[in-house]
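We name chains A, B, ... by the order of the sequence lines, and we start the count at 1 in each one.
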Amino acid sequence: MTSYRTHSCGELRASEIGKTVKIAGWIHRKRDHGGVAFIDLRDHYGITQVVCGPTNEYYEPLTRLRAESVVAITGEVIAREAGTFNADLASGEIELRVISIEVLSEVTQDLPVPVFGELEYPEDIRLRYRFLDLRRETLHKNIILRSNIISSLRRRMNEAGFFEFQTPILTASSPEGARDFLVPSRLHPGQFYALPQAPQQFKQLIMVAGFDRYFQIAPCFRDEDARADRSPGEFYQLDIEMSFVSQDDVFAAIEPVLSGVFSEFSNWQADAAPFTRIKYRDAMLKYGSDKPDMRNPLIISDVTAIFAREDVTFNAFKGVIAKGGVVRAIPAPKSADKPRSFFDKLNDWARKEMQAAGLGYITFADGEAKGPIAKFIPDEAMARLKSLAGVGDGDSVFFACDTEAGAAKLAGQARNKIGEELDIVEKDVYRFCWVVDFPMFEWNEDEKKVDFSHNPFSMPQGGMEALLTKDPLTIDAYQYDIVCNGVELSSGAIRNHRPEIMLKAFEIAGYGAEVVEEKFGGMLNAFRFGAPPHGGLAPGVDRMVMLIANTPNIREVTMFPMNQQAQDLMMQAPSSVNIKQLRELSLRLAVPEGK
RNA sequence: GCGGGCGUAGCUCAGUUGGUUAGAGUGUCGGCCUGUCACGCCGAAGGUCGCGGGUUCGAGCCCCGUCGCUCGCGCCA
């Protein structure tokens, strides 16, 4: 109870009938019948109907107020007449008869975004007037959901023995990874801080410092272009690191947290621990992606050997195979009776959106193989193909033929597309999987050199011996991703805590010891004074909330998002600064003409 | 940086093959209305058809350019 209210707008029930109470909130909707007026008063907690008769001295001022004006209303809780209950409102059995009103904030202009009704609105207007948009039910609920999810994550991590620590926001630029946001230093002219892309080195140093188990709802900053599921600039990770652990220990620690939080906040069924594990190379072959959607039952297979046979004469594929390409088969169960347009549509999609040569196919019906390329494959080879691809009578099969990477990508996207078209993707479930054994290095075709394929701080499997004796491109890392419904939630790794192994790994990627010492000297040095083996991961909080709220757009789960051009339309960021501010920072602008 | 989609009243949208004065719903304003809960009824105001250029007797519609928003590609260890 405060001087503004005795109850919230979601609180009053039949048990309060007869009492005089005071509520405060926004005018959600007015229904003025001339003789009697109804006002729906809304606050965070709910809506209560206020009723005012024509003889009441507040009738005129109350009905004159526009929607979204803020008022406090003192009144008597009265029972609604039988038959006038509103089952959609928690307070629908009662209403408040006005005794007096107090206008706290009056709206005098047209509303740029109406709160009532949740009409679709242009996003730039919603962003400019985000405070109004946030009053609307769906967005309001999403933000509360996000808050509750974060509370639950904190509770679960605390209960599992993790400590939450803050790490610096102003830190040093790091050479690898995404583009940094830079902050000019006043005290050190010409030098810059960078906002952290992730607290990667700090969390490893926390392990070196002996705190054993760390987590943080960590803000991360990367100056890269936006996507529907990626805010420009900033996002949050559930950042986790643990000491004296192997990969399995990390999985065992995080699985119940993810499974638990998804189960807690969604009616969908979430996989329980332990989650499926898939080797990176198998994921690329069987699902055509390093973030496979396990709700989709389709499995891709390699059928290069079939099309390479001498008795198979489909030369379009043979030519690609001769140049080192592969053929991948995507089954389409029970689709043989689909109209020609089903197959044409997928082929058009492959050509247009995937910029592929096409998506060949064969259908199997009544013991016969049909389709544009069926006639190039004799019976015995066809039987072998059907068994490899896992298709039979009544099914069809699509083919992606390209370089290994190109075919995997096309087949993976086709798998998604075909799964959707045939409506065989599981609904209302969260399917988690770990993708493990990522390669430590990869071949950089542009620069003709070996590169780190992911995180250079990951421990190579086999340790120093592997680095010394194996072809670098065959070495796997203790590097893993957690994927949910085809969405990559997080990367993680068992870290390389041995300076000599790290220097060797960097040497293979073409970086001399002096470069490593210069760029990562702080951490490298720390590892020379006793570092525990450690590892962790960092699932994206925004992505988790999106999955649980079941929205494809990250701005629907972000309180104050920027638009795709990385502008905050409400706060007008970014903005120009004055010359004095620039001078203090020893900066002079060199904006290209026309910008 | 590149490609797709969209842009008509404050908002959501319709607008036929290029043809008279660009429409509807909603919101706003005015009037009526004592049981609504998307209240109802009557009336009014509200338009640089994103912007610029072109084709044409005539352009919301066709063409070129440009801007804005959005989705994707590149990018995101």
Look at [X] and [N] and indicate whether a side-chain polar atom (N or O) is within less than 4.0 Å of OP1 or OP2.
{"X": "A:Gln197", "N": "B:C76", "answer": "no"}
{"X": "A:Gln565", "N": "B:U70", "answer": "yes"}
{"X": "A:Arg66", "N": "B:G27", "answer": "no"}

Q) Could you walk me through whether A:Glu224 and A:Arg179 pass the salt bridge (Lys or Arg N to Asp or Glu O under 4.0 Å) check? A) CA-CA 7 Å; A:Glu224 300 293 350; A:Arg179 204 175 286 118; 3.4 Å; yes
Please classify the nucleic acid contact of [X] as base, sugar-phosphate, or nothing, using heavy-atom distances under 4.0 Å.
{"X": "A:Asn553", "value": "sugar-phosphate"}
{"X": "A:Pro112", "value": "nothing"}
{"X": "A:Arg555", "value": "sugar-phosphate"}
{"X": "A:Gln564", "value": "base"}
{"X": "A:Gln200", "value": "base"}

(Q) Assuming nearest nucleotide by heavy-atom distance, tell me which of A:Arg230 and A:Asn563 is located more 5' along RNA chain B. (A)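 Residue closer to the 5' terminus by nearest nucleotide: A:Asn563.
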**Q.** Nearest-nucleotide 5' precedence on RNA chain B, A:Lys409 against A:Tyr121
**A.**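 By nearest-heavy-atom nucleotide position, the 5'-most residue is A:Tyr121.
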Rounding to an integer number of Å, can you tell me how far [X] [atom1] sits from [N] [atom2]?
{"X": "A:Tyr129", "N": "B:G10", "atom1": "OH", "atom2": "P", "result": "13 Å"}
{"X": "A:Asp124", "N": "B:G10", "atom1": "CG", "atom2": "P", "result": "15 Å"}
{"X": "A:Glu118", "N": "B:C11", "atom1": "CD", "atom2": "C1'", "result": "15 Å"}
{"X": "A:Arg227", "N": "B:U70", "atom1": "CZ", "atom2": "C1'", "result": "12 Å"}
{"X": "A:Asp223", "N": "B:A77", "atom1": "CG", "atom2": "P", "result": "13 Å"}
{"X": "A:Ile125", "N": "B:G68", "atom1": "CD1", "atom2": "P", "result": "16 Å"}
{"X": "A:Asp225", "N": "B:C71", "atom1": "CG", "atom2": "P", "result": "12 Å"}
{"X": "A:Leu111", "N": "B:U26", "atom1": "CG", "atom2": "C1'", "result": "13 Å"}

Q. Hey, does A:Phe506 have a side-chain heavy atom less than 4.5 Å from the side chain of A:Phe520?
A.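 Yes, close enough: below the 4.5 Å cut-off.
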Distance check, [atom1] atoms only: [N] and [M], in whole angstrom units.
{"N": "B:G43", "M": "B:C61", "atom1": "P", "answer": "33 Å"}
{"N": "B:G60", "M": "B:C6", "atom1": "C1'", "answer": "15 Å"}
{"N": "B:C11", "M": "B:G5", "atom1": "P", "answer": "24 Å"}
{"N": "B:A22", "M": "B:G10", "atom1": "P", "answer": "16 Å"}
{"N": "B:A9", "M": "B:A24", "atom1": "C1'", "answer": "11 Å"}

Q.
Assess the residue pair A:Glu93 and A:Arg13 against the criterion (salt bridge (Lys or Arg N to Asp or Glu O under 4.0 Å)); give the C-alpha distance rounded to whole Å, side-chain angles, the decisive distance to 0.1 Å, and a yes or no.
A. CA-CA 7 Å; A:Glu93 290 184 20; A:Arg13 297 289 182 275; over 6 Å; no
Q. Does NZ or CZ of A:Arg495 come closer than 6.0 Å to the centre of the six-membered ring of A:Phe457, within 45° of the ring's axis?
A.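 Relative to the ring axis of A:Phe457, which defines the angle, A:Arg495 lies outside at least one limit.
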Which base sits across from [N] as a Watson-Crick or G-U pair, both distances under 3.5 Å?
{"N": "B:A44", "result": "B:U28"}
{"N": "B:C6", "result": "B:G68"}
{"N": "B:C57", "result": "B:G19"}
{"N": "B:A77", "result": "none"}

Q | Base B:G27 paired with A:Asp110 side chain (donor-acceptor, <3.5 Å) | A |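 No.
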Q. With under 30° as parallel and over 60° as perpendicular, where do the rings of A:Phe438 and A:Tyr280 fit, or are they tilted in between?
A.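 Because their plane-to-plane angle lies in the 30° to 60° range, the rings of A:Phe438 and A:Tyr280 count as tilted.
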Q: From the options A:His44, A:Arg130, A:Glu68, select the one residue that forms a side chain to side chain contact (heavy atoms under 4.5 Å, CB included) with A:Arg135.
A: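 Output: one option passes, namely A:Glu68.
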Q: Any chance you could lay out the ring-ring contact (aromatic ring centres under 6.0 Å, His included) test for A:Phe116 and A:His28, step after step, and finish with the verdict?
A: CA-CA 6 Å; A:Phe116 173 82; A:His28 190 60; 5.4 Å; yes
**Q.** From A:Thr171 atom OG1 to A:Tyr193 atom OH, the distance as rounded to the nearest 0.5 Å
**A.**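 These two atoms lie 10.5 Å from each other.
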Q) Taking protein heavy atoms under 4.0 Å as touching, what does nucleotides 31-40 of chain B look like 5' to 3' if B marks base contact, S marks sugar-phosphate-only contact and - marks none? A) --BBBBBSB-
Q) Should A:Glu556 and A:Lys141 count as an ion pair when the cut-off is N to O under 4.0 Å? A)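 Between A:Lys141 and A:Glu556 there is no salt bridge, as every charged N stays at least 4.0 Å from the carboxylate O atoms.
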